[in-house]
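Just so it is clear, the model here is predicted, and its values are computed rather than measured. Sequence positions, counted from 1, serve as the residue numbers for this chain. In listed order, ligands and their atoms are each counted from 1.
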Amino acid sequence: MTISERLYQAAQPVWKECLEHPFVKGIGDGSLPVEHFRYYLLQDYLYLFDYARVFALGIVKSHDPKLMQFFSKNVDNILNGEMKIHRSYMERLGITEDHVFQVKPALKNAAYTNYMLSVSHAGGIAEVLVSILACSWSYAEIGQVLAQKPGAAEHPFYGEWITGYASSEYNSSNQSLVTLTDKLLEGCSEETYQRMEDIFVMCSRFELDFWEMSWRLEP
Ligand SMILES: Cc1ncc(CN)c(N)n1
């Protein structure tokens, strides 16, 4: 098995809980109350700024110009790509960016982003990659699974979120992270792999926490 296949298998029990979470199922069948999604949208917009900072640490920690360009492109993909989904919903919900910046990150949101930033500051490129990979990959999987539900991608409100994360653009960006992770960690010691798996599974658990936090509208 490749490194990424081992990581994927290690996180499957948690990702299965994410796919079965009522918040995620509510997006898939259109039953999610909009106020829950509104809460999630605000928290996730704040989250993505820190997520972009983790990618920026990849630039700081790289000595290979090609790697710096890779991480720089991903910072742009978030700030000017993925966040377009959020800005579109903000417009539909009448939320200004000024309002978003008055919102405080919820406890579990701050815990997640500070964990990713902490392991990435302390570690090297590999730690940066595996801390962002659970985020990127779990959403690619959720997007693909929800898009296969009859009518889900056509839902007048949640369809845009589903098609965004099921898009070939998002999935090819995710695949580039998977490929780079396998390349950088190929032949690593079992001790190094275990350290990476611990980070990947921890971030997967934070992903599940983020859905639960959004379902319960937690402060
Ligand atoms: C909490 C979270 N995790 C992952 C993603 C997908 N980049 C996201 N937008 N938000």
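- Of the options F37, W211, F210, a ring pair (Phe, Tyr, Trp, His ring centres under 6.0 Å) to F23 is made by W211 and by none of the others.
- Residue contacts with ligand 1 leave out F206, since none of its heavy atoms falls under 4.0 Å from the ligand.
- At a 3.5 angstrom cut-off on N or O pairs, Y51 does not count as close to ligand 1.
- Among residues two or more places apart in sequence or in another chain, the salt bridge (charged side-chain N to carboxylate O under 4.0 Å, His left out) test is passed with D50 by R53.
- Heavy-atom contacts of L48 reach the following atoms of ligand 1: 9 (N) (cutoff under 4.0 Å).
- Between E207 and ligand 1, a contact under 3.5 Å exists for at least one N or O pair.
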Kindly indicate, with the supporting measurements, whether the criterion ring pair (Phe, Tyr, Trp, His ring centres under 6.0 Å) is fulfilled by F101 and F49.
CA-CA 11 Å; F101 295 136; F49 283 107; 5.7 Å; yes
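- Closest heavy-atom approach to atom 10 (N) of ligand 1 among the candidates I142, I85, D44: D44.
- Of all atoms in ligand 1, listed by their number and element, those nearer than 4.0 Å to a heavy atom of Y165 are 9 (N).
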Determine whether Y45 and R87 satisfy the following criterion, side chain to side chain donor-acceptor pair (under 3.5 Å), listing intermediate values before the conclusion.
CA-CA 9 Å; Y45 197 66; R87 293 186 189 114; 2.9 Å; yes
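- Looking at N171 and Q144, their side chains do bring a donor and an acceptor atom within 3.5 Å of each other.
- Atoms of ligand 1 lying under 4.0 Å from at least one heavy atom of C135, given by number and element, are 3 (N), 4 (C), 5 (C), 6 (C), 7 (N).
- At the top of the distance list for atom 9 (N) of ligand 1, counting protein heavy atoms only, stands E82 OE2, 2.8 Å.
- For Y170 and Y139, the ring centers are positioned 6.0 Å apart or more.
- Residues passing the salt bridge (charged side-chain N to carboxylate O under 4.0 Å, His left out) test with E160 are R92, sequence neighbours excluded.
- Ligand 1 has at least one atom lying under 4.0 Å from a heavy atom of Y170.
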